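Report on the following structure.
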Amino acid sequence: MMTKDQYIESLRKLNLNLWMFGKKIEDPVDDPVIRPSLNSFAATYELAEDPQYEDLMTATSHLSGKKINRFTHIHQSTDDLIKKVKMQRLLGQKTAACFQRCVGMDAMNAVFSSTFEIDAACGTQYHQNFLNFLRRVQDEDLAVDGAMTDVKGDRSLAPSQQADPDLFLHVVERTPEGVYVTGAKAHQTGFVNSHEVLVMPTISMREGDEDYAIAFAIPTDSKGITLIYGRQSCDTRKLEEYNDIDVGNKMYGGHEVLVIFDHVFVPNDCIFLNGEVKFAGMIVERFAGYHRQSYGGCKVGVGDVLIGATALSVEMAGAAKASHVKDKLIEMVHLNETLYCCGIACSSQGSKTKSGNYIIDLLLANVCKQNVTRFPYDIARLAQDLAGGAMVTLPSEADYRHPELHAYIDKYFKGVASVSTEDRMRVLRLIENMTMGTAAVGYLPESMHGAGSPQAQRIMISRQCNMEMKKELAKKIARID
Ligand code: SF4
Ligand code: FE
């Protein structure tokens with residue numbers, strides 16, 4: 001396995017074509033806006049080096065028998081699925097941010113089982129191609145991003161019916177050696193911190209969409225790929241002279257980018273789906289299922305930090321003993337642990353696929369993510385309720401450090417006498433960061449839309465819920481023939 005430092009050094013060797021704020025970024029590793037997201041990703045390497053987390057952070061490869069980082073593992077049991085969720089909660093607690101590496105893990109598990117079944121049905125060689133890729137990922141401990149979401153253009157039209165054919169990523173040229181693809185993937189979490197990208201189709205497809213039913217893996221700095229960094233609320237605070245208190249979470253963060261593929265070459269042996277339209281939906285459903293499980297881990301860990309920050313803020317204000325305050329903190333815990341219950345439940349009820357790896361219970365994973373589209377918002381609302389208005393009206397750190405203003409701010413933002421004003425400011429800024437600043441991107445809208453927007457889960461819930469069986473149960477009790 002790579003150490004954290006080796007991982008960071010390996011990123012320096014990538015030659016990404018990355019843009020942010022209208023400028024080309026030559027050194028993403030040391031860029032102050034991007035670096036917190038790298039630190040989060042790097043935590044997936046760092047914690048794997050720590051013996052106390054060995055059981056959660058590492059696994060034994062079913063291919064090589066070697067010890068590997070769990071983020072590159074193909075789940076061999078429901079126990080593996082449960083450990084995955086626990087690992088994600090741990091990393092959420094340590095970073096209070098999106099640590100990004102789950103997308104690739106979920107994509108690899110989805111493509112592993114899907115390629116096995118596609119080959120059995122179509123006589124293709126995709127599973128072997130995928131195994132070769134996976135072996136390299138595990139042996140070299142590579143960071144893999146999973147890329148699914150196309151920009152989609154007019155949502156009422158199929159990929160091949162769009163006015164602009166590039167609104168869904170597709171094959172534009174075929175040669176004996178491979179294919180060339182053009183299109184874009186939006187909202188790509190962690191792409192800048194990844195060595196490889198595993199591209200998958202974004203929706204179920206039908207006849208006529210063959211050029212769009214394409215899955216493959218290539219290096220993130222492949223020729224023809226352009227990255228445009230997504231900006232986040234309050235991101236430029238990281239560039240200010242005083243950038244400690246006001247950023248809330250200085251060390252960690254997440255990122256998303258728009259990934260543009262302009263006539264990018266994909267060699268034949270890196271292709272995992274190529275025109276078999278009826279299997280596009282299988283990859284989508286499985287990836288989404290795994291990632292909906294993931295949120296029952298990562299968002300819970302982030303929630304732990306937000307609940308802790310809120311409890312500190314009320315203690316610092318001398319309000320911790322009020323009964324409504326205690327009750328609201330309990331409500332936050334109840335909501336957060338409900339998400340964890342869902343993550344553990346869909347894992348423990350997982351099952352073996354034809355390829356041998358384990359998949360979560362899809363109904364329960366979709367219920368998990370449906371709750372994730374709501375509960376973090378409720379938790380954030382309660383955090384803002386308890387933190388009070390100072391969270392958004394505090395003077396800047398620059399004012400706090402100014403010799404003429406420091407004493408005033410220190411005096412008038414004091415809570416209980418035993419706590420320094422600076423510590424109180426730090427906690428309030430952390431709550432601001434997590435509910436409205438850069439970290440809120442990962443905790444709130446990502447909870448809403450990541451791994452699919454709420455309606456996508458409702459469609460899956462309606463498909464998986466077996467309403468006919470429930471009607472039969474009722475008829476029997478009501479004595480209806
Ligand atoms: Fe992992 Fe959560 Fe980020 Fe998805 S949102 S990549 S599950 S940390
Ligand atoms: Fe996500």
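Predicted model, so just to flag it, every value in this text is computed and none were measured.
- Side-chain N or O atoms of N433 include one that pairs as donor or acceptor with a backbone N or O of V247 at under 3.5 Å.
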Decide yes or no on salt bridge (Lys or Arg N to Asp or Glu O under 4.0 Å) for R237 and D246, but give the supporting numbers first. CA-CA 7 Å; R237 284 191 193 182; D246 288 358; 5.5 Å; no

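- Salt bridge present: D244 and R426 bring a charged side-chain N and a carboxylate O closer than 4.0 Å.
- Between the side chains of S64 and R135, no donor-acceptor pair is found at a separation under 3.5 Å.
- Judged by distance alone, the side chain of Y252 and the main-chain N or O of A43 form no donor-acceptor pair under 3.5 Å.
- Ring-centre distance between Y290 and H75: below the 6.0 Å cut-off.
- A donor-acceptor pair is defined here as one N or O able to donate and one able to accept, closer than 3.5 Å; such a pair exists between the side chain of D209 and the backbone of S160.
- Residues R12 and D221 are not paired through a salt bridge, judged by the lack of any N-O separation under 4.0 Å between the basic side chain and the carboxylate.
- Rounded to the nearest 0.5 angstrom, D50 CG and K94 NZ are separated by 8.0 Å.
- A distance-only check finds a donor-acceptor pair linking the side chain of D119 to the backbone of H127 [under 3.5 Å].
- Donor-acceptor pairing under 3.5 Å is lacking for the side chains of Q100 and T189.
- The aromatic rings of H291 and F287 lie parallel to each other, with less than 30° between the two planes, well short of the 60° mark.
- For K24, the NZ atom sits in a packed shell: over 12 heavy atoms of surrounding residues, nucleotides or ligands are nearer than 6.0 Å.
- Using a 4.5 Å heavy-atom threshold, the side chains of V172 and V181 count as separate.
- In this structure, R136 pairs ionically with E196, as a charged nitrogen and a carboxylate oxygen lie closer than 4.0 Å.
- Panel note: side chain E49, backbone L47; no donor-acceptor pair is recorded below 3.5 Å.
- The aromatic ring centroids of H62 and F112 lie less than 6.0 Å from each other.
- Put simply, the residue from R70, K86, K83 that forms a side-chain hydrogen bond (donor to acceptor under 3.5 Å, both in side chains) with D55 is K83.
- A cation-pi arrangement, defined by a distance under 6.0 Å to the six-membered ring centre and an angle within 45 degrees of its axis, is absent between R231 and F21.
- Judged by distance alone, with hydrogens and angles left aside, the side-chain atoms of Q6 form a donor-acceptor pair with the main-chain N or O of T3 at under 3.5 Å.
- Using a 4.0 Å cut-off between charged side-chain N and carboxylate O, K67 and E54 make a salt bridge.
- Remark: the backbone N or O of L142 is not paired with any side-chain donor or acceptor of H195 at under 3.5 angstrom.
- The aromatic rings of F216 and F261 sit perpendicular to each other, their planes meeting at more than 60°, with 30° as the lower class boundary.
- No donor-acceptor distance shorter than 3.5 angstrom exists from the side chain of S113 to the backbone of T353, with no hydrogens or angles considered.
- The aromatic rings of F272 and F130 lie perpendicular to each other, with more than 60° between the two planes, well past the 30° mark.
- In this structure, Q293 contributes its side chain and L81 its backbone to a donor-acceptor pair below 3.5 Å.
- Between the side chains of Q125 and N129, no donor N or O sits under 3.5 Å from an acceptor N or O.
- A salt bridge between K4 and E9 is absent, with no side-chain N of the basic residue lying under 4.0 Å from a carboxylate O of the acidic one.
- Under the 4.0 Å criterion applied to side-chain N and carboxylate O atoms, R463 and E285 are assigned as salt-bridge partners.
- Using modelled atom types, one side-chain atom of N366 and one backbone atom of L362 make a donor-acceptor pair closer than 3.5 Å.
- A salt bridge links K299 with E446: at least one charged nitrogen is closer than 4.0 Å to a carboxylate oxygen.
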